[in-house]
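Here is the naming used below: chain letters follow the sequence lines, and residue numbers restart at 1 for every chain.
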Amino acid sequence: MEQQSITTKERLAIPRQVMLAQDPEGRNKNFKEVNLGYTPEQAKQEALRCIQCKDPACIKGCPVNIKIDQFIKMIADGNFLGAAKKIKEDNVLPAICGRVCPQEDQCEKLCILTKKRESVAIGNLERFAADYERETGNIELPVIHASTGKKVAIIGSGPAGLSCANDLAQLGHAVTVFEALHELGGVLMYGIPEFRLPKTIVQTEIDGMKKLGITFVPNAVAGRSITVDELLQEEGFDAVFIGVGAGLPWFMGIPGENLVGVYSANEFLTRVNLMKSYDFPENDTPVFNCQGKNVAVFGGGNTAMDAVRTAKRLGAEHAYIVYRRSEAEMPARKEEVHHAREEGIEFLMLMNPLEFLGNDQQWLTGAKCLKMELGEPDDSGRRRPVPIKDSEFILPIDMAVISIGNGSNPLIKQTTPDIDVSKRDTIVVDMNTMATSKENVYAGGDIVTGGATVILAMGAGRTAAAAIHEKLMNTTAN
Amino acid sequence: MYKIVSAQFLAENIKKIEIEAPRIAKKRKAGQFVMIRVGQTGERVPLTIAGSDPEKGTITIIVQGMGKSTKELNRKEAGDTINDIVGPLGAPSHIENFGTAVSIGGGVGAAIAYPTAVALKEAGNYVITINGARSKDLVILEEEMKAVSDEAYITTDDGSYGLHGFVTQKLQQLIDSGKKIDYVLAIGPIPMMKAIAEVTRPYNIPTVVSLNPIMVDGTGMCGGCRVTINNEIKFACVDGPEFDAHLVDFKNLTDRNKIYLTEEKQSAESFVHKCNLQQQL
């Protein structure tokens, strides 16, 4: 066997394989996926870089503990379908996570190779295995256990809801997923842009779940169309999982935020991604005409990167990231920042907006900003930005996107007061089971943690599914 | 897909459409709205629910063909389907026995004022309705309004029916006649709602308006529908759509609603053009 004959020294000599990507100058004008994935040869080469640690640290860095060493060995051996199956034992959405997980802060951060060189590209390999399985038409339905006769309602079809639904369906429960929007997938559809996560991939995953027997009900808003109590008492569900995400955009509370041309990142991205306004007038929903305009996105997270790169693709002359700390403190994935810079995004660091300015028709004309410098570390461990005296200036912009995070949608809290919530309005759960204060009601994902990642939400969905299963089956035994 | 059970024009370009939507029919209260997406590539349009029949499992909307989506909707007939409908959304109207309540509808706003007038009547109010239109042939729901009103008035801009003038004039007349008015609800074009707010402000009559900002999801997720109320940001979809008229920044609403004028015009014109071509073929 070729792999066994390779020495550690030889493994370490292989450079980290770089994924092919669209040329920056072309891709910043289209919405097609930026990364093009590994070739099978590249994947094998990259997999050979893994030295197959006895006690792999990478697994501890994965919120769903994918058996990383095992699937990578399979790729090195050329068993790509086996690798995909191995990943799916722990992660139901690998094609998605391989694209959007912050690997450099999770599995790859703990890779032993990082002590001296670059980590194994675990995320790229995960993506490769999942894409190979899907593109060769080899996705197999998992084994579904005999029906338990129990019904579970899932509220929200984003990452938390989908992973919870998937596990429960496989365990033999009758699962119905309620989604507020007309499309399924939650943030995977409305939030993350096509150029980072093609929507056909999300749809393929959801189609697979339909084959598992999961019922999806779009256009159903929890707290308005249906309430948690109605699901439990009138519609005969034995348990409810709430995975509605963090869906209420924060604004900055500065003057001028209601001027024409000031958007939340949610609105801007929903128009472009879910409503496909990049394809106006073929699709009816318009979005701000960015052609030749100056657009500033305020924030430093992945959503901010998505928004600014979207604005560039819509034709913005200048597309700025305005962030009050320095680049080192930006929470966005390194790859997104790198891609953004390649595409011509301009980073205005250590800058804080004070006020939006407009004309007589209340159209945005600029943002009055203040320059900052870094002071002592704050509660988050990041150095606190401190204003520089008399440094005010006006940044001329036509459109602003506020991307400073999301709070909790108030509808469930208003209509189900017996579910305990925190001061920040997130749902309080027992983190071992994701059980809320209300009997048979569970919750997970951003509605519990506040804005976080796809993979954390999926992990929470799985934890809840296991707890719901145990509870329902024990109830049967009694 | 949601089936249209019946559809008929109430006036030129204003159509009453009854749609199968059992969950919404069961839950909706006066003042709430739905988001409708007519076709696969359609936008999400907020429309107030004009009525419902919980037993039949249907809701009624009244639509004036303004932009592409509403024009497209107005071409639908009984038996046709629409892609998506979600609701009921928004906070229900605050209904109690205020005493004497005046419900004012301007143009197609009457469709929204009507269900609230019904609810006000059911709560025991002495209900006065003022129904304003440009001319006689654009007056809608006249009989329905009469049926729930203790006093029902019509105004037309051109004097072709009822009082010659605006709804504000009729309201001013009522106030001047010494009638004690405890509550006013006004729904219609923004200038009308603003004018009503100015009529009642000197008398401190509690006045509520239903705002129509541009929306995307209608559930609080995007914040596109934010309005300025008493210098604070509110989301019309979850905090409203009804607000205290005396606190609304109407200029901000008017200006924000103009953001897509160019695109809306382009969409509507190309839709009408396509329809005309289809007719010729």
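At a 4.5 Å heavy-atom cutoff, A:L274 makes no contact with chain B through either its backbone or its side chain. Neither the backbone nor the side chain of B:F271 comes within contact range of chain A, judged by heavy atoms closer than 4.5 Å. Contact annotation for A:F288: both backbone and side-chain heavy atoms come within less than 4.5 Å of a heavy atom of chain B. For B:E232, no part lies near chain A; criterion is any non-hydrogen pair under 4.5 Å. Residue contact with chain B, scored on non-hydrogen atoms closer than 4.5 Å, involves the side chain of A:P281 exclusively. Proximity to chain B involves both the backbone and the side chain of A:S225, based on heavy atoms less than 4.5 angstrom apart. For B:I24, no part sits under 4.5 Å from any heavy atom of chain A, backbone or side chain. With a threshold of 4.5 angstrom between heavy atoms, A:A265 does not approach chain B through any atom at all. At a 4.5 Å heavy-atom cutoff, the contact between A:L248 and chain B is made by backbone and side-chain atoms alike.
Side-chain contact between B:F235 and A:P410 is absent, with no heavy-atom pair separated by less than 4.5 Å. Between A:E267 and B:M221 the shortest side-chain heavy-atom distance does not fall below 4.5 Å. Taking 4.5 Å as the limit, some side-chain heavy atom of B:V216 sits within range of a side-chain heavy atom of A:M275. Residues A:F280 and B:S267 have side chains in contact (heavy-atom distance under 4.5 Å, counting atoms from C-beta outward).
Between the CH2 atom of A:W363 and the CD1 atom of B:I259 there is a distance of 5.5 Å, given to the nearest 0.5 Å.
Here B:I85 is the residue among B:N231, B:V238, B:I85 with the most heavy-atom pairs under 4.5 Å with chain A. When each of B:T41, B:V227, B:V38 is checked for heavy-atom pairs under 4.5 Å with chain A, B:T41 comes out on top. The choice from B:P88, B:S69, B:G223 that makes the most heavy-atom pairs within less than 4.5 Å of chain A is B:P88. Counting heavy-atom pairs closer than 4.5 Å to chain A, the top residue among B:E264, B:Q266, B:K251, B:K258 is B:K251.
When every heavy atom of A:S264 is checked against every heavy atom of B:C222, the shortest pair comes out as OG-O, 2.5 Å. The two residues B:R226 and A:Y263 come nearest to each other via the heavy atoms NH2-N, 4.2 Å. For B:E263 against A:V287, the heavy-atom pair with the smallest separation is OE2-O, 4.1 Å.
Between the A:N283 side chain and the B:G42 main chain, no donor and acceptor come within less than 3.5 Å of each other. Judged purely by atom type and a 3.5 angstrom limit, A:N219 has no side-chain atom pairing as donor or acceptor with the backbone of B:D84.
Between A:E230 and B:K26, no side-chain nitrogen of the basic residue sits less than 4.0 Å from a carboxylate oxygen of the acidic one, so the salt-bridge criterion is not met.
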Check your understanding: Does the pair B:R44 and A:T285 meet the rule for a side-chain contact (heavy atoms from CB on, under 4.5 Å), with working shown?
Key -> CA-CA 8 Å; B:R44 295 167 63 97; A:T285 306; over 6 Å; no
**Study point:** Full working for side-chain contact (heavy atoms from CB on, under 4.5 Å) between A:T227 and B:K27
**Key:** CA-CA 11 Å; A:T227 64; B:K27 300 213 70 160; 3.7 Å; yes
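Counted by atom type alone, A:N258 and B:T228 present one or more donor-acceptor pairs between their side chains at under 3.5 Å.
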